[in-house]
Amino acid sequence: MEYIKSTMDFHIGEPSVVTLGKFDGLHLGHRYLMEELTRGKQQGLTSVVFTFDIPPRALGQEGYRVLSTNEEKVHIFEEAGVDYLIECPFTEEFRSLSPHAFLEMLTGKICVRRMVAGTDFCFGHKRSGTYRELREFAPEFGYEAVIVDKMQYKGADISSTRIRECISRGDMEEANHLLGYEYFVSAPVRHGNALGRTIGFPTANQLPPGEKLLPPNGVYAVHAVVNGKTYCGVCNIGRKPTIGGNYPVGIETFFFDFHGDIYDRDLRVSFVKFIRPEKKFASVEALAAQIERDKETCRRFFGLQGQAAVNGRRGGDKFF
């Protein structure tokens with residue numbers, strides 16, 4: 001996949017099927033859009049995702065948190081088989097384009113044969129363009145407009161907002177169902193204070209991207225992909241209240257049956273189930289005892305019964 005970002009200086013000459021949207025988390029509600037891309041590829045069209053790099057301040061939401069960072073979107077769309085991902089810079093010039101001028105710009109840079117969008121898609125100055133304008137201007141610009149209805153679950157639309165609400169209350173099962181995959185954070189593994197190793201529970205420590213939406217502080221059953229294999233584990237999101245000090249919110253993950261060194265490598269941790277909220281314990285010993293109980297809870301949840309890794313390997317509980 002070719003990833004084009006921070007520039008409008010590009011040209012795609014191959015006849016293309018283009019889908020438009022913010023795509024904050026490529027969730028089940030986007031499935032129909034992606035199916036249209038796949039159908040277009042099968043008919044010989046190049047698949048293009050055109051999205052926007054919109055900073056929170058442009059939305060008037062300084063504290064806004066995303067389901068997928070720009071870097072995570074790249075991995076998600078690569079896995080989906082997209083040929084081009086275009087992340088358009090949300091400049092003042094771009095924001096001022098009328099719907100007609102936007103389509104004129106887009107079709108001048110991409111050989112668009114099919115344009116795919118949802119019924120909630122808006123574009124152009126002050127979001128004045130809708131799917132109706134996509135259809136209205138299709139004959140002029142020579143593309144077929146394909147408008148996709150919203151997918152529903154339990155009588156309500158599947159949307160990024162709905163998924164964000166699930167994650168914010170720790171309902172990972174519902175969030176993951178709506179996403180169609182397990183919600184994850186991808187960040188480098190950093191050196192920590194080695195407390196976990198000292199008390200017998202060495203962990204992979206990560207500082208998540210500041211713009212990433214995190215589930216509530218607490219303990220989770222998780223999956224993580226290491227060297228192409230998926231491992232089960234137990235993870236804590238929080239600030240180490242038992243230890244004290246002014247720690248930033250971090251992610252600490254203990255894997256079952258993993259041996260290796262992954263410092264400074266990106267690690268993808270997927271949240272499967274909320275186990276308990278973060279708590280300050282009276283002592284490090286009390287914390288260690290609770291972590292042991294959390295491990296057993298996660299083992300039972302994953303049905304490991306002594307089999308520590310998803311890939312079927314047996315072994316001790318050792319990290320690094």
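Residues take their numbers from the sequence shown, with the count starting at 1.
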Let me see the working for R39 and V17 under side-chain contact (heavy atoms from CB on, under 4.5 Å), right down to the final yes or no. CA-CA 9 Å; R39 187 174 294 111; V17 52; over 6 Å; no
Of all pairs that satisfy ring pair (Phe, Tyr, Trp, His ring centres under 6.0 Å), the ones with a partner from residues 70-89, not counting sequence neighbours: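 Found F23-F77.
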Distance-only check: which donor-acceptor pairs under 3.5 Å involve side-chain atoms of residues 143-151, not counting sequence neighbours?
residue	atom	partner	partner atom	Å
Y143	OH	L134	O	2.7
E144	OE1	R114	NE	3.1
K150	NZ	D120	OD2	3.0

Would you say that [X] contacts [Y] through its side chain, given a criterion of any heavy-atom pair below 4.5 Å between the two side chains?
| X | Y | value |
| --- | --- | --- |
| V272 | F301 | yes |
| F302 | H223 | yes |
| L45 | S16 | no |
| F184 | I76 | yes |
| N217 | I237 | yes |
| R190 | D264 | yes |

Test of ring centre spacing under 6.0 Å for Y181 and Y183: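 That pair fails the under 6.0 Å test.
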Is R293 salt-bridged to E296, going by a charged N under 4.0 Å from an acidic O?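 No, no charged N to carboxylate O under 4.0 Å.
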Just jot down the salt bridge (Lys or Arg N to Asp or Glu O under 4.0 Å) partners of R268, sequence neighbours excluded, or say none.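 Listed in chain order: E79.
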Got a sec, which pairs hit salt bridge (Lys or Arg N to Asp or Glu O under 4.0 Å) with one end in residues 173-184, sequence neighbours left out?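 Of all non-adjacent pairs touching residues 173-184, those that pass salt bridge (Lys or Arg N to Asp or Glu O under 4.0 Å) are K154-E174, R162-E174, E173-K273.
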Pairs where residues 130-141 contributes a residue and the test side chain to side chain donor-acceptor pair (under 3.5 Å) is met, not counting sequence neighbours: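 Listed by first then second residue: H100-E140, T130-E133.
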Side-chain donor/acceptor of H30 to backbone N/O of D24, under 3.5 Å: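 No, the answer is negative, given that no donor and acceptor are paired below the 3.5 Å cut-off.
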Side-chain atoms of residues 3-10: list all donor-acceptor pairs with protein atoms under 3.5 Å, sequence neighbours left out, distances to 0.1 Å.
residue	atom	partner	partner atom	Å
Y3	OH	E87	OE1	3.0
Y3	OH	E87	OE2	3.2
T7	OG1	D9	N	2.9

